[in-house]
Amino acid sequence: EVELVESGGGSVQAGGSLRLTCRAARFTFHDHCIGWFRQAPGKEREFVSYISGRDLSTYYEDSVKGRFTGSSDNRRVAVNLQMNSLKPEDTGIYYCAKTRWDRCATMVVPGAAIDSWGQGTQVIVSS
(Lines give C-alpha, C1' and ligand atoms only; values in the text may rest on other atoms or scores of the structure.)
Protein backbone atom coordinates (compact mmCIF):
# COMPACT_ATOMS: atom_id res chain seq x y z
CA GLU A 1 0.00 0.00 0.00
CA VAL A 2 1.54 3.28 -1.15
CA GLU A 3 1.96 5.83 1.63
CA LEU A 4 4.28 8.37 0.00
CA VAL A 5 4.27 9.69 -3.56
CA GLU A 6 7.07 11.86 -4.94
CA SER A 7 6.76 14.22 -7.87
CA GLY A 8 8.67 17.08 -9.46
CA GLY A 9 11.74 15.38 -10.83
CA GLY A 10 13.10 16.24 -14.23
CA SER A 11 16.10 17.20 -16.27
CA VAL A 12 17.86 20.57 -15.89
CA GLN A 13 21.12 22.24 -16.72
CA ALA A 14 23.69 22.82 -14.00
CA GLY A 15 22.76 25.90 -12.01
CA GLY A 16 19.06 25.29 -12.51
CA SER A 17 16.34 24.51 -10.00
CA LEU A 18 13.78 21.82 -9.33
CA ARG A 19 11.12 21.43 -6.66
CA LEU A 20 10.29 17.96 -5.42
CA THR A 21 7.11 17.15 -3.52
CA CYS A 22 6.34 14.19 -1.30
CA ARG A 23 2.64 13.69 -0.61
CA ALA A 24 1.18 11.51 2.09
CA ALA A 25 -1.64 9.15 1.34
CA ARG A 26 -4.20 8.79 4.14
CA PHE A 27 -2.16 10.35 6.95
CA THR A 28 -0.52 13.61 8.06
CA PHE A 29 3.10 14.21 9.00
CA HIS A 30 2.49 15.69 12.45
CA ASP A 31 3.96 12.67 14.24
CA HIS A 32 6.53 11.80 11.64
CA CYS A 33 9.83 12.85 10.21
CA ILE A 34 10.06 13.00 6.43
CA GLY A 35 13.45 12.51 4.89
CA TRP A 36 14.82 12.85 1.40
CA PHE A 37 17.39 10.41 0.08
CA ARG A 38 19.00 10.00 -3.32
CA GLN A 39 20.70 7.25 -5.21
CA ALA A 40 23.10 8.00 -8.03
CA PRO A 41 23.82 5.36 -10.68
CA GLY A 42 26.15 2.73 -9.28
CA LYS A 43 26.14 4.21 -5.79
CA GLU A 44 24.49 3.54 -2.47
CA ARG A 45 21.41 5.48 -1.47
CA GLU A 46 22.40 8.48 0.66
CA PHE A 47 20.69 10.88 3.01
CA VAL A 48 19.91 14.39 1.72
CA SER A 49 17.68 16.14 4.25
CA TYR A 50 14.81 15.76 6.68
CA ILE A 51 12.00 17.84 8.10
CA SER A 52 10.27 17.17 11.37
CA GLY A 53 6.49 17.14 11.25
CA ARG A 54 6.44 18.21 14.90
CA ASP A 55 8.25 21.55 14.67
CA LEU A 56 9.25 21.77 10.97
CA SER A 57 12.92 21.81 11.90
CA THR A 58 15.19 20.77 9.07
CA TYR A 59 18.60 19.21 8.61
CA TYR A 60 20.72 18.91 5.49
CA GLU A 61 23.64 16.87 4.31
CA ASP A 62 26.71 19.07 3.93
CA SER A 63 26.87 19.01 0.13
CA VAL A 64 23.35 20.46 -0.23
CA LYS A 65 23.41 23.03 2.59
CA GLY A 66 22.60 26.49 1.29
CA ARG A 67 21.22 25.08 -1.96
CA PHE A 68 18.33 22.84 -0.89
CA THR A 69 15.44 23.92 1.32
CA GLY A 70 12.80 21.70 2.87
CA SER A 71 9.29 22.87 3.72
CA SER A 72 5.85 21.57 4.53
CA ASP A 73 2.33 22.71 3.83
CA ASN A 74 0.20 23.83 6.76
CA ARG A 75 -1.84 20.63 6.85
CA ARG A 76 1.29 18.47 6.99
CA VAL A 77 0.27 16.35 4.01
CA ALA A 78 2.97 17.47 1.59
CA VAL A 79 6.68 18.09 2.01
CA ASN A 80 8.69 19.99 -0.56
CA LEU A 81 12.37 20.05 -1.36
CA GLN A 82 13.41 23.16 -3.26
CA MET A 83 16.69 22.45 -5.02
CA ASN A 84 18.63 25.43 -6.36
CA SER A 85 22.07 25.78 -7.94
CA LEU A 86 21.91 22.16 -9.01
CA LYS A 87 25.12 20.37 -9.90
CA PRO A 88 25.71 17.27 -12.03
CA GLU A 89 26.59 15.37 -8.85
CA ASP A 90 23.01 15.95 -7.64
CA THR A 91 21.82 13.56 -10.34
CA GLY A 92 19.99 10.51 -9.07
CA ILE A 93 16.68 9.04 -8.04
CA TYR A 94 15.25 10.98 -5.11
CA TYR A 95 13.14 9.16 -2.55
CA CYS A 96 11.16 10.46 0.37
CA ALA A 97 10.82 8.31 3.46
CA LYS A 98 8.90 8.34 6.71
CA THR A 99 9.90 7.52 10.24
CA ARG A 100 8.61 8.41 13.69
CA TRP A 101 9.04 12.05 14.73
CA ASP A 102 11.61 11.22 17.44
CA ARG A 103 13.78 9.28 14.99
CA CYS A 104 14.68 12.16 12.68
CA ALA A 105 18.36 12.08 13.61
CA THR A 106 18.58 8.39 12.73
CA MET A 107 17.89 9.20 9.09
CA VAL A 108 21.34 10.72 8.75
CA VAL A 109 23.15 7.41 9.15
CA PRO A 110 22.86 4.26 7.04
CA GLY A 111 20.46 1.67 8.32
CA ALA A 112 17.92 4.18 9.58
CA ALA A 113 14.63 2.78 10.86
CA ILE A 114 12.42 3.81 7.96
CA ASP A 115 8.72 2.98 8.10
CA SER A 116 8.03 3.47 4.41
CA TRP A 117 9.57 4.75 1.19
CA GLY A 118 8.16 6.53 -1.80
CA GLN A 119 8.63 5.15 -5.29
CA GLY A 120 11.27 7.74 -6.25
CA THR A 121 11.54 10.51 -8.80
CA GLN A 122 14.39 10.99 -11.26
CA VAL A 123 16.58 14.10 -11.22
CA ILE A 124 19.10 14.63 -13.99
CA VAL A 125 21.47 17.59 -13.95
CA SER A 126 23.57 18.08 -17.05
CA SER A 127 26.76 20.10 -17.23
Side-chain angles (χ1 to χ4, degrees):
E1 190 172 6
V2 176
E3 288 196 298
L4 301 170
V5 180
E6 302 98 334
S7 62
S11 182
V12 296
Q13 297 263 335
S17 298
L18 284 172
R19 183 180 177 90
L20 305 183
T21 297
C22 175
R23 293 191 180 278
R26 298 175 298 281
F27 70 97
T28 66
F29 299 145
H30 289 89
D31 293 324
H32 297 92
C33 190
I34 303 299
W36 287 97
F37 297 76
R38 65 187 179 191
Q39 187 166 20
K43 294 189 176 181
E44 298 283 321
R45 186 155 49 187
E46 65 177 4
F47 167 80
V48 175
S49 74
Y50 71 66
I51 183 167
S52 169
R54 281 289 179 104
D55 59 8
L56 299 184
S57 59
T58 55
Y59 183 86
Y60 304 94
E61 190 269 329
D62 285 347
S63 71
V64 307
K65 283 180 182 175
R67 300 188 298 122
F68 291 12
T69 303
S71 63
S72 173
D73 69 330
N74 290 333
R75 294 188 300 134
R76 304 285 210 275
V77 295
V79 166
N80 302 304
L81 184 67
Q82 179 66 42
M83 306 188 298
N84 298 328
S85 301
L86 283 162
K87 304 175 181 180
E89 51 264 43
D90 294 318
T91 292
I93 299 175
Y94 282 68
Y95 301 88
C96 63
K98 171 174 75 73
T99 192
R100 208 173 64 195
W101 68 271
D102 57 344
R103 293 177 178 167
C104 281
T106 69
M107 285 190 158
V108 178
V109 297
I114 301 296
D115 295 333
S116 61
W117 293 89
Q119 83 287 356
T121 186
Q122 178 81 57
V123 171
I124 299 173
V125 185
S126 57
S127 57

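As the structure is a prediction and not an experimental result, all values here were calculated from the model.
The two residues Ile34 and Cys96 have their closest heavy-atom pair at CG2-CB, 4.4 Å.
Taking the side chain as every heavy atom from C-beta outward, Val64 and Phe47 never approach each other to under 4.5 Å. Side-chain contact between Thr58 and Phe68: absent, with no pair of heavy atoms (C-beta onward) separated by less than 4.5 Å. In this structure the side chain of Lys98 never reaches within 4.5 angstrom of the side chain of Ile114, judged on heavy atoms. At least one side-chain heavy atom of Ser71 sits less than 4.5 Å from a side-chain heavy atom of Arg19.
Atom-to-atom distance recorded for Tyr60:OH and Ile51:CD1 is 7.0 Å, nearest 0.5 angstrom. From Ser52, atom OG reaches atom NE2 of His32 across 11.0 Å, with rounding to the nearest 0.5 Å.
In summary, the side chains of Thr69 and Gln82 do not present any donor paired with an acceptor at a separation below 3.5 Å, with no hydrogens or angles considered.
Checked by atom type and distance alone, the side chain of Thr21 never pairs as donor or acceptor with a backbone atom of Asn80 at under 3.5 Å. Looking only at distances, a side-chain donor or acceptor of Asp73 sits under 3.5 Å from a matching main-chain atom of Ala78. The backbone N or O of Gly53 sits less than 3.5 Å from a side-chain atom of Arg76, completing a donor-acceptor pair. With hydrogens and angles ignored, the 3.5 Å screen pairs a side-chain donor or acceptor of Thr121 with a backbone N or O of Gly9. With hydrogens and angles ignored, the 3.5 Å screen pairs a side-chain donor or acceptor of Glu6 with a backbone N or O of Gln119.
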Report all side-chain donor-acceptor pairs from residues 39-46 shorter than 3.5 Å, counting only partners two or more places apart or in another chain.
from: Gln39; atom 1: NE2; to: Lys43; atom 2: O; distance (Å): 3.0
from: Glu46; atom 1: OE2; to: Arg38; atom 2: NE; distance (Å): 2.7
from: Glu46; atom 1: OE2; to: Arg38; atom 2: NH2; distance (Å): 3.3

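For residues 24-87, the disulfide (SG to SG under 2.5 Å) pairs, not counting sequence neighbours, are Cys33-Cys104.
Taking the six-membered ring for Trp, Phe37 and Trp117 have ring centres closer than 6.0 Å. For Tyr59 and Tyr50, the ring centers are positioned less than 6.0 Å apart.
Both Val79 and Val123 belong to a common hydrophobic cluster when Ile, Leu, Val, Met, Phe, Trp and Tyr are linked at side-chain heavy-atom distances under 4.5 angstrom.
The existence of a salt bridge linking Arg26 and Glu3 is excluded, since no basic side-chain nitrogen approaches an acidic carboxylate oxygen closer than 4.0 Å. A salt bridge does not link Lys87 to Asp90: none of the charged side-chain nitrogens sits closer than 4.0 Å to a carboxylate oxygen.
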*Could you go step by step and tell me if Arg54 and Asp31 meet the salt bridge (Lys or Arg N to Asp or Glu O under 4.0 Å) rule?*
CA-CA 6 Å; Arg54 281 289 179 104; Asp31 293 324; 3.1 Å; yes
